[in-house]
Amino acid sequence: MSYQGQRAKTPVFKRLCFSKTLLAKNHSHKVAYIAVATAFLVVVNMLEIKLGGIQFSLTIFVAAFSGLLLGGLSGFSACFIGDLLGFLIHPFGEYSPWIGISTGLMAFFAALFLLLPNAKRLAPLYLGLACVCIFVCCTCGITTLYLNKVWYTGMTFWECLTMRLFVQGQVFNSLVNSVLVVAILPLAVKIKPLKLIL
């Protein structure tokens with residue numbers, strides 16, 4: 001049976017849990033892929049580059065790659081656990097599950113859009129749409145709302161958002177990560193040793 005025929009018989013929930021790449025693997029391979037991605041996310045979550053007042057990280061790019069590699073719910077789990085373990089290894093302030101949820105949704109959005117028809121041909125467009133969702137829902141929504149309610153309580157939400165995007169430079173970090181997602185992830189599928197399937 002062709003891969004397309006197998007895909008048509010795969011339940012939607014299963015395709016949301018695992019990427020096409022992981023669906024072709026056995027259980028132990030699935031666990032290994034998720035564990036390696038989680039370990040990589042732990043490292044990435046702890047690495048941040050500060051340029052003046054602007055803080056750069058590759059969390060968005062790596063989370064989106066996890067969504068491509070693992071699938072929606074598996075990518076979400078790896079990102080959430082990676083954020084938690086990163087905090088336990090290198091704590092800063094109090095732990096917030098909302099930041100982990102926001103990071104997990106980055107992987108989920110990338111994987112979700114790649115479930116749309118013609119994903120191989122339209123990957124840059126779909127990943128661009130995923131980046132817009134990540135920016136609106138994760139960067140401007142969940143993370144900013146959490147910071148506003150916990151750290152910047154003297155500001156309104158809109159003041160906090162403006163400060164975060166333009167004073168702290170999060171808009172530039174999001175832009176750089178989005179360009180990397182749209183430009184590099186479709187090329188990653190062509191790297192044969194990764195054996196990624198779109």
Side-chain angles (χ1 to χ4, degrees), residues 1-41 44-45 59-85 97-143 145 174 177-178 180-198:
M1 183 186 293
S2 71
Y3 182 78
Q4 291 299 326
Q6 287 177 341
R7 185 170 178 252
K9 290 187 174 184
T10 305
V12 174
F13 180 74
K14 204 167 189 180
R15 287 190 282 136
L16 196 55
C17 285
F18 301 110
S19 66
K20 294 177 187 176
T21 304
L22 283 196
L23 279 173
K25 307 288 183 192
N26 62 36
H27 293 303
S28 58
H29 279 117
K30 286 180 177 126
V31 171
Y33 269 71
I34 294 168
V36 169
T38 301
F40 188 56
L41 283 153
V44 169
N45 283 335
T59 301
I60 296 171
F61 172 70
V62 175
F65 179 74
S66 297
L68 167 68
L69 176 67
L70 304 175
L73 296 177
S74 297
F76 180 95
S77 300
C79 290
F80 184 85
I81 295 167
D83 180 71
L84 172 61
L85 293 176
W98 292 106
I99 302 300
I101 289 169
S102 180
T103 306
L105 283 173
M106 295 173 187
F108 183 81
F109 284 135
L112 184 65
F113 276 93
L114 291 174
L115 286 177
L116 294 173
N118 301 314
K120 193 169 189 174
R121 188 169 52 86
L122 298 174
L125 172 65
Y126 291 163
L127 289 168
L129 292 171
C131 288
V132 170
C133 287
I134 289 168
F135 181 74
V136 171
C137 183
C138 303
T139 302
C140 296
I142 296 170
T143 305
L145 186 60
S174 293
N177 274 270
S178 296
L180 290 173
V181 166
V182 172
I184 293 177
L185 290 191
L187 298 177
V189 177
K190 296 178 181 178
I191 300 172
K192 290 193 188 224
L194 291 177
K195 297 180 181 175
L196 295 175
I197 306 168
L198 266 185

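Fair warning: this is a prediction, and the values are worked out from it, not measured in the lab.
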**Student:** Quick one: does any side-chain atom of Ser19 pair with a main-chain N or O of Leu69 as donor and acceptor, under 3.5 Å?
**Tutor:** yes

**Student:** With rounding to the nearest 0.5 Å, note down the distance linking OG in Ser77 to CZ in Phe108.
**Tutor:** 11.0 Å

**Student:** Drop me the distance from Met106's CE to Cys133's SG, to the nearest 0.5 angstrom.
**Tutor:** 12.5 Å

**Student:** When you measure from the centre of the six-membered ring of Phe18, is the NZ or CZ of Lys30 under 6.0 Å away and within 45° of the axis?
**Tutor:** yes

**Student:** Between Tyr126 and Pro117 (side chain of the first, backbone of the second, donor and acceptor by atom type, cut-off under 3.5 Å), is there such a pair?
**Tutor:** yes

**Student:** Indicate yes or no: at least one non-hydrogen side-chain atom of Ser178 is less than 4.5 angstrom from one of Phe135.
**Tutor:** no

**Student:** Indicate the atoms forming the closest heavy-atom contact of Ala37 with Ser66, along with that distance.
**Tutor:** CB-OG, 4.4 Å

**Student:** Contact between Leu185 and Phe61 at the side-chain level, heavy atoms closer than 4.5 Å - yes or no?
**Tutor:** yes

**Student:** Under a 4.5 Å cut-off applied to non-hydrogen side-chain atoms, are Leu41 and Asp83 in contact?
**Tutor:** no

**Student:** Under 3.5 Å, is there a donor-acceptor pair between the side chain of Thr143 and the main chain of Thr139?
**Tutor:** no

**Student:** Would you name the heavy atoms of Gly72 and Ala111 that are closest together and state the gap between them?
**Tutor:** N-CB, 3.2 Å

**Student:** State the CD1-SG distance between Ile60 and Cys79, to the nearest 0.5 angstrom.
**Tutor:** 11.5 Å

**Student:** Hey, does Leu122 have a side-chain heavy atom less than 4.5 Å from the side chain of Leu116?
**Tutor:** no

**Student:** For the residue pair Gly104 and Phe76, what are the closest heavy atoms and their distance?
**Tutor:** C-CD1, 3.2 Å

**Student:** Identify the two heavy atoms, one from Ala64 and one from Val181, that lie closest to each other, and give their separation to 0.1 Å.
**Tutor:** CB-CG2, 3.8 Å

**Student:** Between Leu196 and Phe65, is there a side-chain heavy-atom distance shorter than 4.5 Å?
**Tutor:** yes

**Student:** Determine whether a donor-acceptor pair (N or O, by modelled atom type, separation under 3.5 Å) exists between the side chain of Ser74 and the backbone of Cys17.
**Tutor:** yes

**Student:** Is the shortest side-chain heavy-atom distance between Leu105 and Ile134 below 4.5 Å?
**Tutor:** no

**Student:** Is the shortest heavy-atom distance from the side chain of Ile101 to the side chain of Phe80 under 4.5 Å?
**Tutor:** yes

**Student:** Nearest 0.5 angstrom please: Leu127 CG to Ile184 CD1, how far?
**Tutor:** 11.5 Å

**Student:** Between Thr21 (side chain only) and Ile197 (backbone N and O only), is there a donor and an acceptor less than 3.5 Å apart?
**Tutor:** yes

**Student:** Within the 4.5 Å heavy-atom criterion, are Leu73 and Phe13 side-chain neighbours or not?
**Tutor:** yes

**Student:** Rounded to the nearest 0.5 Å, what separation is found between the OG1 atom of Thr38 and the CG atom of Leu84?
**Tutor:** 10.5 Å

**Student:** I need the Ile142 CD1 to Cys140 SG distance, nearest 0.5 Å.
**Tutor:** 11.5 Å

